[in-house]
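For the numbers below, each heavy atom of this structure counts, side chains included, while hydrogens, waters and symmetry mates do not.
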Amino acid sequence: MAQAAYGFKQAGMPEPQGKPDQFIGFIYAATNCAISIRKLKEEIEELNKRGEFDQAREKIAELDDWVRVAAELREKSRELFDTIVDRVNEDPDPDVSISAIMKGYERGDLPIVQLVRRVCNYSIDGFKQTLSRVGIEFDSWDWESELTVWNGATEEVIEKLKETGFVEEKEGTLVLDVERAAQVFELKKLFNVKEDYEIPPLTLRRSDGTTLYTTRDIAYSLWKFSLAEKVINVISIEQRLPQLQLRIALYLLGKKNYAINLIHYGYELVHLPDYRMSGRRGRYVTFDQVLGEAVRRAYREVEKRSPHLSEEEKQRIAEAVGIGAVRYALVSVAASKPLTFTWDRVLDFERNSGPFLQYAYARAANILAKAEELAQSPDYTLLESTHEKQLILQLSKFPETVAEAADSLRPELIAEYANDLATIFNSFYDKHPVLAATPRELRDARLKLVEAVKVVMGNALQLMGITPLERM
RNA sequence: GGGCCCGUGGCCUAGCCCGGAUUAAGGCACCGGCCUUCGGAGCCGGGAAUCGUGGGUUCAAAUCCCACCGGGCCCGCCA
């Protein structure tokens, strides 16, 4: 964040053009690029002077890559990119400037706080825009700095950790000897770590006096546990080690139950087929792009299948279908699996997809809408066919499926369940007429069955954040 | 160098933790059927898999153990 704030300042604190988070993302990448190129050039010069040509060659390869990145970024916004590069190169030492921002922010220097907050808010506003489009909102937002730094909580954590005797001073930094702590308290088996794995140390404080993310996270976690008995951190799997170090730190602070009840729900990242996504390089597909493309494709389908609907209605349905497709694609694979992104895979509208489920729901809804009279005298003993029995059985499994999904933190189980339900319902739909069924008692029993499907499917969809549609 | 995760038909995914009722299950793609009945984003059927490789444990291994190969990630005074 400090680097983005630095770049924003160097760029002259411009008003964002376009979506604010993407604007900041661009500034961040451009700044990073400018700094990296400058550093690499200096390093190469130094290596050449010292005659270490092999190492210089490696750096040159890195430099080449960054030069390509620069060209890509410049393509996107030439003026802004050039300004950032020029200003970064005029700066005697960008690292010092960035460090000054971090220091000032932790101290609470008003102009710096205002700068950083402004940049943060641009990003957050953009995230909120995107997330609200897919129906995600948060109950509360915190400024971590308020809860951990400015109120002294992080400093208190550092002091208490010092008292444990596992903190050492090294070249002006404070370092927690996680390995020794784990050995002394026999924590490796508690946290499922192999005995012979040496846990790397954790730097708590930089030599310039500022704290690191994981250190603040210790204080932040203590705060979270003041509100809850179980904390599930949904963070990338890359942060496995820091999360382990965090738990050990909590243990050292005498909070054994916190350490145990802190769960790291690690998710894998989404990859692109050709190259690595990298925020620092500005190489990524944004979620907004994915949603936009999904909704466009959905619109084409809606127009093809339901041309009679009003324009407004078509738009509304396309939005729900496109977003449903994306949400299903993401929720239906285990989070711990890396996902290689291709449009075809994510925007599949056939079986085993969000729209497939929405379609089954719409079919059930349609039958119910066409039933002029409600089911008054159902005789359930008449539901004798295989399809009907399978459907009843599948419906009965819903509660236990939801419970298991929740207990084991596996939302993909709901997706699998809903897909099975839709498949069975479609077979039933194909073989057994509902409204035209005779006698009346059978018609009513089937109508009740369809109603149950609609209710359960609707609930399953909503659990996955997919909008059920009466028509599509 | 050390550690963690993954490797299932052409492609994607489930099953693996807690070995047996699986003839290894779905989807995409491919091939062939189904438009007289509630919307075909559907239904019915078909071909296609040495479950990365090699050992081991077991009456029994996709599942447990070991080694190796291939891919990803982590080991920062980044977050």
Undergrad: To the side chain of Asn352(A), which of rG27(B), rC38(B), rC77(B) is closest?
TA: rG27(B)
Undergrad: Between the side chains of Arg351(A) and Asn426(A), is a donor N or O closer than 3.5 angstrom to an acceptor N or O?
TA: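 Checked: Arg351(A)/Asn426(A) side chains show no N/O donor-acceptor pair below 3.5 Å.
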Undergrad: Taking OP1 and OP2 of rC12(B), is either one under 4.0 Å from a side-chain nitrogen or oxygen of Lys337(A)?
TA: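 No, because none of the side-chain N or O atoms of Lys337(A) sits under 4.0 Å from OP1 or OP2 of rC12(B).
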Undergrad: Which nucleotide in the set rG15(B), rA79(B), rC38(B) lies at the smallest distance from any side-chain heavy atom of Arg410(A)?
TA: rG15(B)
Undergrad: Considering only atom P, compute the distance from rU23(B) to rG70(B) and round it to an integer number of Å.
TA: 35 Å
Undergrad: Any residue in residues 462-472 of chain A with a heavy atom nearer than 4.0 angstrom to RNA chain B? Just list them by number, or reply none.
TA: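 Under 4.0 Å from RNA chain B: Arg471(A), Met472(A).
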Undergrad: Nearest to the side chain of Ala334(A), which nucleotide is it out of rA14(B), rA29(B), rC38(B)?
TA: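 It is rA14(B).
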Undergrad: Considering just the side-chain nitrogens and oxygens of Thr173(A), establish if one lies under 4.0 Å of OP1 or OP2 belonging to rC77(B).
TA: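 It does not, given that no N or O in the side chain of Thr173(A) lies less than 4.0 Å from OP1 or OP2 of rC77(B).
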Undergrad: Measuring only the P atom in each nucleotide, how far is rG42(B) from rG3(B)? A whole number of Å is fine.
TA: 48 Å
Undergrad: For RNA chain B, what residues of residues 204-223 of chain A have any heavy atom nearer than 4.0 Å?
TA: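 Output list: Arg206(A), Ser207(A), Leu212(A), Tyr213(A).
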Undergrad: Taking the six-membered ring of Tyr429(A) (Phe, Tyr or Trp), confirm whether the NZ or CZ of Arg363(A) is under 6.0 Å from its centre and within 45° of its axis.
TA: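 Yes.
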Undergrad: Expressed as a whole number of Å, how far does the C1' atom of rG20(B) sit from that of rU58(B)?
TA: 12 Å
Undergrad: Should the ring pair Phe138(A) and Trp141(A) be called parallel, tilted or perpendicular, given that the plane angle runs from 0 to 90° and is split at 30 and 60?
TA: perpendicular
Undergrad: Keeping Asp109(A) on the side-chain end and Tyr105(A) on the backbone end, is there a donor-acceptor pair under 3.5 Å?
TA: no
Undergrad: With sequence neighbours excluded, what pairs up with Lys170(A) under the salt bridge (Lys or Arg N to Asp or Glu O under 4.0 Å) test?
TA: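 Glu168(A).
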Undergrad: If you take any heavy atom closer than 4.0 Å to RNA chain B, which residues from residues 188-202 of chain A end up in contact?
TA: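 Close to the strand are Lys194(A), Tyr197(A), Pro200(A).
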Undergrad: Flag the pair Tyr251(A) / Phe185(A) as yes when their ring centroid distance falls below 6.0 Å, and as no otherwise.
TA: yes
Undergrad: What residues in residues 240-251 of chain A put a non-hydrogen atom under 4.0 Å from any atom of RNA chain B?
TA: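 By residue number: Arg240(A), Leu241(A), Pro242(A).
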Undergrad: Taking only the side-chain heavy atoms of Tyr359(A) (C-beta and beyond), determine which of rG72(B), rC43(B), rG42(B) contains the nearest atom.
TA: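 It is rG42(B).
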Undergrad: Using the C1' atom as the point on both nucleotides, what is the distance between rA25(B) and rC35(B), in whole Å?
TA: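 Between the two C1' atoms, the distance is 31 Å.
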Undergrad: On RNA chain B, nearest-nucleotide positions of Ile367(A) versus Leu413(A): which is more 5'?
TA: Leu413(A)
Undergrad: From the list rA79(B), rC38(B), rG42(B), which nucleotide is the closest neighbour of the side chain of Gln239(A)?
TA: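 Per side-chain heavy atoms of Gln239(A), the pick is rA79(B).
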Undergrad: If you measure from the P atom in rG33(B) to the same atom in rG72(B), how many Å do you get, rounded?
TA: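 Comparing P positions in rG33(B) and rG72(B) gives a spacing of 44 Å.
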Undergrad: Indicate yes or no: does Glu303(A) engage Arg300(A) in a salt bridge with an N to O separation below 4.0 Å.
TA: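 Looking at Arg300(A) together with Glu303(A), the answer is no, because their closest N to O distance does not fall below 4.0 Å.
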Undergrad: Centre of Trp66(A)'s six-membered ring, under 6.0 Å away, within 45 degrees of the axis: is that where NZ or CZ of Arg281(A) sits?
TA: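 Positive - Arg281(A) is close enough to the ring of Trp66(A) and near enough to its axis.
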Undergrad: Is the terminal nitrogen or CZ of Arg117(A) (NZ for Lys, CZ for Arg) located under 6.0 angstrom from the six-membered ring centre of Trp143(A) and within 45° of that ring's axis?
TA: yes
Undergrad: How far, in whole Å, is rU50(B) from rU63(B) if one measures between their P atoms?
TA: 16 Å
Undergrad: Reckon Ser427(A) has a side-chain N or O less than 4.0 Å from the OP1 or OP2 of rC44(B)?
TA: yes
Undergrad: Using atom C1' in both nucleotides, what's the gap between rC4(B) and rC12(B) to the nearest angstrom?
TA: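 It works out to 24 Å between them.
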Undergrad: When Watson-Crick pairs (N1 to N3 and N6-O4 or O6-N4) and G-U wobble pairs (N1-O2 and O6-N3) count only below 3.5 Å on both distances, what is the dot-bracket string of RNA chain B, with | for other-strand pairs?
TA: (((((((..((((......[....)))).(((((.......))))).....(((((..]....))))))))))))....
Undergrad: Once you measure the plane-to-plane angle for Tyr417(A) and Phe398(A), does it fall in the parallel (<30°), tilted (30-60°) or perpendicular (>60°) bin?
TA: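 Judged by the thresholds at 30° and 60°, the geometry between Tyr417(A) and Phe398(A) is tilted.
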